Structures are given as C-alpha cells and as structure tokens.
Amino acid sequence: MRFKQPLWTAVLSASFVLANSSPTSCGENNTTPDNGHGNSTNRDRFSSKCAAVASKLAVESSVVHFSEFVAAGTNLSLAENDPSCTQTFIAVTADICRIALSVSTSNRSGFNMEAWLPSNWTGRFLSVGNGGLNGCIKYADLAYTSALGFSTVGTNNGHNGTSGKPFYNNSDVVQDFAYRALHTGVVVGKQISQNFYNKPHDKSYYLGCSTGGRQGFKSAQDFPNDFDGIVAGAPAFAFNNLTSWSGNFYRLTGPPGSPTFVSPPLWARVHVDVLKQCDALDGLTDGVIEYTLKCNYDPSGLVCEGSNSTNCLTPLQAETVKAVYQPLFDDNGDLVYPRLQPGAEITATSTFFNGVPFVYTADWFRYAIYNDPTWDPKAIGSTDFENAERINPFNIQTWKGDLSGVRNRGTKIIHWHGGADYLISSENSPRYYEHVSSTMGLSSAELDSFYRYFTVSGTGHCSGGDGAHAIGQSSAESNSYKPSENILMAMVDWVENGNAPETLIGTKWVNNTRTLGIAFQRAHCKYPKRNQYKGQGNPDVVGSWECIDP
Ligand SMILES: *[C@@H]1O[C@H](CO)[C@@H](O)[C@H](O)[C@H]1NC(C)=O
Ligand SMILES: *[C@@H]1O[C@H](CO)[C@@H](O)[C@H](O)[C@H]1NC(C)=O
Ligand SMILES: *[C@@H]1O[C@H](CO)[C@@H](O)[C@H](O)[C@H]1NC(C)=O
Ligand SMILES: *[C@@H]1O[C@H](CO)[C@@H](O)[C@H](O)[C@H]1NC(C)=O
Ligand SMILES: *[C@@H]1O[C@H](CO)[C@@H](O)[C@H](O)[C@H]1NC(C)=O
Ligand SMILES: *[C@@H]1O[C@H](CO)[C@@H](O)[C@H](O)[C@H]1NC(C)=O
Ligand SMILES: *[C@@H]1O[C@H](CO)[C@@H](O)[C@H](O)[C@H]1NC(C)=O
Ligand SMILES: *[C@@H]1O[C@H](CO)[C@@H](O)[C@H](O)[C@H]1NC(C)=O
Ligand SMILES: *[C@@H]1O[C@H](CO)[C@@H](O)[C@H](O)[C@H]1NC(C)=O
Ligand SMILES: CC(=O)N[C@H]1CO[C@H](CO)[C@@H](O)[C@@H]1O
Ligand SMILES: [Ca+2]
C-alpha cells in the first residue's frame, strides 16, 4: 500500500499506473471488444480475459480483490455486503466482468468499488451513486446499467453500511462521503474501463437519486469534466439544512401520545382532506396532485374542538398539521428549508410523523457536525441549524448556483423529483432551479440548453407512489428503453443525438406490476410548466394532458 500522497493528488497528477495494456495478452485483437452472446468461443475468451484482469490491474493506492466473469442469468450472491445494506443477491441479466477493488484516500480512509464491464459494451461509461448516509454499493443500478451496455462503476462512498458512525472522529470519511469517493471512483473507473476494452469510452454518464442526486449535482458543480450527462433525482442538496428540517419534525409532532402527535389513521384522514382541496386543481380528480406548489392546504375544516378521535383533529393537532406544510425558518427568520409538499401524508407517517427523532439527523449531527455522540436529537433547534450551515463539512451543501463549468463543456443535466416525496421535499428542487437561474442570469429557455428539471407527480422518494412513477430511473422502474419513457436513455439521446427531452413519460402499471400491463401514463412536464387535464379524452393517455404555464 502506498500512502505517500493521497490518491486525490495522485489522480490529479495522473501518476497512478494501470498495467495490462498489452493488446495481445489474451491472444485477441485490440480493436474488437469481445461480444457475441451464444458464441461460446467469444464468451470463453471474454470470461478468461476477465479472470486474468485482476492480476494485471495496478491502480495507485488500491488493492484489486478479484475479477470474475458473471454470466447473464446469474443470481449473484452478495454475501460480503454489509447486512444493513439489505442486499444479499442481485439478478445479473447480461454477461459482465465484475471487478472489485478498494482504494485508499488517506492514511485513515478509503472506499470499496466495483466495475461491471459488459461484454456487449456500447462505448459508454457510467457511474452510479449512493443513498442516505450510506455506505452501500448500489448493485441494482450496476446490474441495470451494465445490462444496457454501459461500463459501470459504483462505490460504497467511503464506508460500509447505512450508519453515520464511521464519520465519528474521522473527517476523511466525511470527505469521501461529501465528494471524494464518487469522483475518485470515476477517475479510476474510466481507467479500468479503458484498460479492459483497450480503448477509452466515448461518452460518460451518471445516474443517481437522493444522496445520489446530490452527488450528481456535486459533480456538476465541482467536477464538470467527469460526465457528459448527469441524471439526478430527488437531490439531497442543501444537505445540512435538509438534515435540520428532517430532524425538526419530531419537535412538531412530539412522541406518540403527546397532545401534538397525529396518529397514522388521522394522517390518512388528512390525506383525504388534502386531496379534496388540491387534487382537482389540475383538472382531474384522480388521487394525484400534479403541481403541489399551487396547493395551499388548510386543515381547519378537520378541527373538532376538544375531541380525540380518528376523524378529526384537536386544535393542537391541527397546529402540527399546519406546521409541516410551512417552510422551516431559523430564529433569525432565514429560510432553512421549504415545506413538505402536501400529498405525502400517508407515506411520511413512517419517516417524519412517527414520533421518533429522524435517524439520519441524529447520526449527521453527532458524528459529522459536532463529533459528539451524546448530542440529543430531541433538542434540535435554531442554533443547530445555524451550526450545521456554518460548519458545512467539505461543502456537502452542494448548493452552488453557478453551473457554467458543465454548460461550457456541453454536459447535460436532467434533474427530476417525485412530487409526493416523503423524505426530501420536492419543493426544494424548483428552489435550486431558480437559484441557478438567478445566479447565472439565465432564463428557463436559456437553461434548457443544458439543464432541465421535471417534477414527476404522485411519486414518492425515488420510486413508487400513486402517480405514473416509472420513468426508467432503475431497472424495477422501467417500462421500456425508449428515450421518451426512460430517463437514462433520454439522456443518451440528448448527449449523443441532440434530442433534448420536453417531457418524461411515466408509467403506472396495474397493481404496480409490470406484467399486468399499463394502468395509465402521463407525460411529466418540464419546469416551470405544469400538467393540466384537457377536460376531455381518456385521462390515462398522455395526449389528454398538456403542459401549461403555472
Ligand atoms: C464465434 O466468433 C468467432 C470469432 O469472432 C468466429 O470465428 C466463429 O465463427 C464464431 N462462431 C460461431 C458459432 O458463431
Ligand atoms: C436468488 O437467490 C436468493 C437466495 O440466495 C433467493 O432468495 C432469490 O429468490 C433468488 N432470486 C432469483 C431471481 O432466483
Ligand atoms: C467493507 O466491506 C467490504 C466487503 O464488502 C470489506 O472488504 C471491507 O473491508 C469493508 N470495509 C470496512 C472499512 O470495514
Ligand atoms: C448482447 O446484445 C444483444 C442485442 O442487444 C442481445 O441479444 C444479447 O443477448 C446480448 N448479449 C449478452 C451477453 O448480454
Ligand atoms: C496521516 O496523514 C496526516 C496528514 O496527511 C498526518 O498528519 C498524520 O501524521 C498521518 N498519520 C499517520 C499515522 O501516519
Ligand atoms: C476521538 O478522538 C479523540 C481525540 O483524538 C480521542 O480522545 C477519542 O478517544 C476518540 N474517540 C473514539 C471513539 O475514537
Ligand atoms: C387520545 O386517545 C388515545 C387513546 O384512545 C390516547 O392514547 C391519547 O393520549 C389521547 N390523546 C389526547 C390528546 O387526549
Ligand atoms: C440554510 O439555512 C440557513 C439558515 O439557518 C440559511 O441562511 C441558508 O441560506 C440555508 N442554505 C440553503 C442552501 O438552503
Ligand atoms: C389488483 O389488486 C387488487 C387488490 O389487491 C385485487 O383485488 C385485483 O384483483 C388485482 N388486479 C389484478 C389485475 O391482478
Ligand atoms: C477479427 C480480426 O480482426 N482478426 C484479426 C486479429 O489479429 C490477427 C493477427 O494479429 C489477424 O490475423 C486477424 O485477422
Ligand atoms: Ca389530480
């Protein structure tokens, strides 16, 4: 192991070494990537080339653990994966070469990464992202994108598992989490891909959601050369403030049984009332609010004085309900974070309205902000909001409004957010869009050339929900690979053919089951436009809706 200089420096000075560039090392031609499903000669050759690569790769500051051929149709065991990542196997649907390595980033930190290199390589490179405070290689996205022909990499973002504890007493682990693991994994991954296929990639892509969405914007803001196309969903940017906001719900609800606490059945009642007030604003009563920014929900109609039932709210409970739909301000009157959008009442009962302090907030403040495991999340308040904002480790906020790095380079960004997100308010996404617009002095028409934002109505946190939530953001959420219906292939079409997306067509399957067929589809609009039912025609087809100015 070489710790003489951080890999960071090594990468920038390109001093790390990759061996195995000998084109004849496996007795094959250097110009023709292996492929040919059904041709056992080619498959065997790909397989043995894969097995051999581990001993030939030499990446500065890293240890290559193994390389193995994984045949299409394999149910791959992930027994080594941290149990908290809850991924013990993954279905692999294309022939790939799987390479696992660990890379050190300082004398007390590093990350694990994997490269999944398909035999059917399209010449495209891709990095996947992470989620929450983890700590988990996103195997589902490696499988999804490698099967689509991308040479794909993903890291554990600098630590194993979902807990924030590894941040404690080790700011290098925080630094990996904030930006270093992803960026370094991309630099290393591109070299591995080039080395394996004996030629550089043509175009480079990113796919991530939640923390992965924040990582996409971190790349856009600080590492504009990493990607040609960035797909960033439900970004956890304004990260410290988001963490303050998530931790503040406990202050509003109190624990179960307290007079301010609203039980899950009551939230279900509130949800009906929210829909009563806001569902039809888009022209159709269908259980989906297309444009929550227009929904000014007022729970006062549910108040019944002094009672305690599942049908109505006490005045104190009504205050709780009102408060979750208000933006959070600190004691100086500065906006910390926008409100939770109305419509996510039921799903948020398991994240924010459950009467316990939000777990990521506790971990982030204890182990990354204060380095004090005794910090009490129940007592969170304005001072904490301000401290987190000020300390802002390694600029994890990810809130720079100047995207001229990507614009000047020609990199494209598709930003999307589920309109019923119960973990990261979708109303923070247009706030960032407007922030970019005002920082760069660009109108929406001008931003269109490189940056487009879409609210995906009725969609929860990165997936699922009552709306047309399948936009190709993952394998499980893909109706097809057509660019019109698949956000990743839409990005490829934009980058490689200049076809920029005007809408993202989402699909809702019958009973959320792809094999049962399509229940309805909706073409989600590019911000600042919103979706409106035309008033006639089958509302289940996209043509009965139109994107109009709000
Ligand atoms: C398999 O591929 C090799 C090299 O590309 C070719 O020579 C051979 O004919 C192919 N075999 C079959 C059965 O297609
Ligand atoms: C993969 O294997 C696991 C057990 O290791 C099993 O639970 C799961 O059902 C299998 N998946 C498929 C698609 O065969
Ligand atoms: C993380 O897990 C991997 C196995 O997936 C293991 O090789 C590695 O040592 C672990 N890292 C740490 C810091 O525990
Ligand atoms: C390669 O792609 C072709 C056409 O897209 C497909 O039929 C074949 O199954 C793929 N092969 C592998 C090994 O994934
Ligand atoms: C680790 O590196 C830091 C700075 O790079 C240095 O100050 C420290 O002494 C090193 N610790 C060890 C144990 O080598
Ligand atoms: C954290 O670091 C401090 C100072 O270096 C040390 O006193 C303390 O024992 C460390 N705690 C843990 C749990 O590593
Ligand atoms: C409401 O009733 C439940 C049980 O029926 C009780 O646990 C709770 O404390 C009561 N809340 C108020 C505010 O009276
Ligand atoms: C974070 O919150 C502080 C108020 O505590 C505010 O001044 C700052 O603008 C906020 N930053 C972002 C990115 O929302
Ligand atoms: C969908 O689910 C509902 C409730 O679980 C069930 O009654 C219905 O038969 C299912 N529909 C289909 C087409 O499977
Ligand atoms: C398919 C192909 O290009 N095959 C060539 C590989 O290289 C050898 C010699 O280097 C040639 O003889 C093959 O024609
Ligand atoms: Ca509606």
Side-chain angles (χ1 to χ4, degrees), residues 68 70-83 85-96 98 139-144 146-147 268 270-297 341-347 418-421 426-427 454-460 464-470 474-476 478-479 503 505-525 529-548 550:
E68 64 177 10
V70 184
T74 300
N75 182 2
L76 184 66
S77 166
L78 302 170
E80 299 284 285
N81 204 13
D82 190 281
C85 297
T86 64
Q87 180 107 45
T88 53
F89 59 88
I90 185 81
V92 177
T93 59
D95 285 359
I96 59 151
R98 176 189 182 206
Y139 287 103
D141 286 351
L142 290 179
Y144 174 45
S146 61
V270 171
H271 182 61
V272 172
D273 200 42
V274 166
L275 291 181
K276 198 169 114 194
Q277 293 182 31
C278 296
D279 186 352
L281 292 174
D282 53 34
L284 187 76
T285 303
D286 62 345
V288 175
I289 303 167
E290 288 297 324
Y291 191 75
T292 65
L293 292 167
K294 251 179 128 69
C295 176
N296 298 310
Y297 174 63
Q341 80 281 305
E345 298 72 37
I346 293 176
T347 41
D421 195 319
S426 65
E427 297 192 1
F454 301 82
T455 303
V456 178
S457 60
T459 299
D466 296 332
H469 54 77
S474 65
S475 175
S478 290
N479 191 55
T503 61
I505 295 179
T507 301
K508 175 77 173 179
W509 297 299
V510 175
N511 280 7
N512 279 335
T513 308
R514 185 161 33 200
T515 50
L516 294 179
I518 293 174
F520 64 91
Q521 289 193 310
R522 198 154 298 170
H524 301 293
C525 299
K529 292 203 184 293
R530 68 177 183 86
N531 227 345
Q532 184 78 9
Y533 178 52
K534 287 176 179 169
Q536 55 186 15
N538 179 359
D540 295 344
V541 302
V542 299
S544 304
W545 294 76
E546 60 191 333
C547 296
I548 64 171

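Whatever order the structure lists ligands and atoms in, that order sets their numbers, starting from 1. Bear in mind that the values here come from a model prediction, so they are computed numbers and not experimental data.
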Original post:
Atom CG of N479 and atom NE2 of H469: how far apart are they, to the nearest 0.5 Å?
Top reply: 10.5 Å
Original post:
Is any N, O or S atom of D279 under 3.0 Å away from the Ca ion (ligand 11)?
Top reply: yes
**OP:** Using protein heavy atoms only, decide if any is under 4.0 Å from atom 4 (C) of ligand 9.
**Re:** no
**OP:** State whether the side chain of N511 and the backbone N or O of T513 hold a donor-acceptor pair below 3.5 Å, judged by distance alone.
**Re:** no
**OP:** Evaluate whether atom NZ of K534 has more than 12 neighbouring non-hydrogen atoms of other residues, nucleotides or ligands under 6.0 angstrom away.
**Re:** yes
Subject >> Part of T513 within contact of ligand 9 (heavy atoms, under 4.0 Å) >> reply: neither
**OP:** Do me a favour and list the nearest non-hydrogen protein atom to atom 2 (O) of ligand 2 with residue, atom name and distance?
**Re:** N75 ND2, 2.3 Å
**OP:** Say whether, by atom type as modelled, one donor and one acceptor occur between the side chain of E80 and the main chain of L78 under 3.5 angstrom.
**Re:** no
**OP:** Mark yes or no for whether D282, through its side chain, and N531, through its backbone, hold a donor-acceptor pair below 3.5 Å.
**Re:** no
**OP:** Please name the pair of heavy atoms, one in A420 and one in T347, separated by the smallest distance, quoted to 0.1 Å.
**Re:** O-OG1, 4.4 Å
Original post:
Taking 3.0 Å as the cut-off, does an N/O/S atom of V288 lie below it from the Ca ion (ligand 11)?
Top reply: yes
**OP:** Measure from atom 14 (O) of ligand 9 to every heavy atom in V510, N511, T515 and give the option owning the shortest one.
**Re:** N511
Original post:
Using 4.0 Å as the upper bound for N to carboxylate O, is an ion pair formed by R98 and E68?
Top reply: yes
Original post:
Is the closest basic N to carboxylate O distance between D286 and R522 below 4.0 Å?
Top reply: yes
Subject >> Sub-4.0 Å atoms of ligand 9 with respect to non-hydrogen atoms of L516 >> reply: 14 (O)
Original post:
Short check: is a protein heavy atom less than 4.0 Å from atom 11 (N) of ligand 9?
Top reply: yes
**OP:** Kindly give the atom name of the N, O or S atom of D286 closest to the Ca ion (ligand 11).
**Re:** OD1
**OP:** Using a cut-off of strictly less than 3.0 Å, determine whether L284 has an N/O/S atom near the Ca ion (ligand 11).
**Re:** yes
Original post:
For atom 9 (O) of ligand 2, what is the nearest protein heavy atom, given as residue, atom name and distance?
Top reply: F89 CZ, 4.4 Å
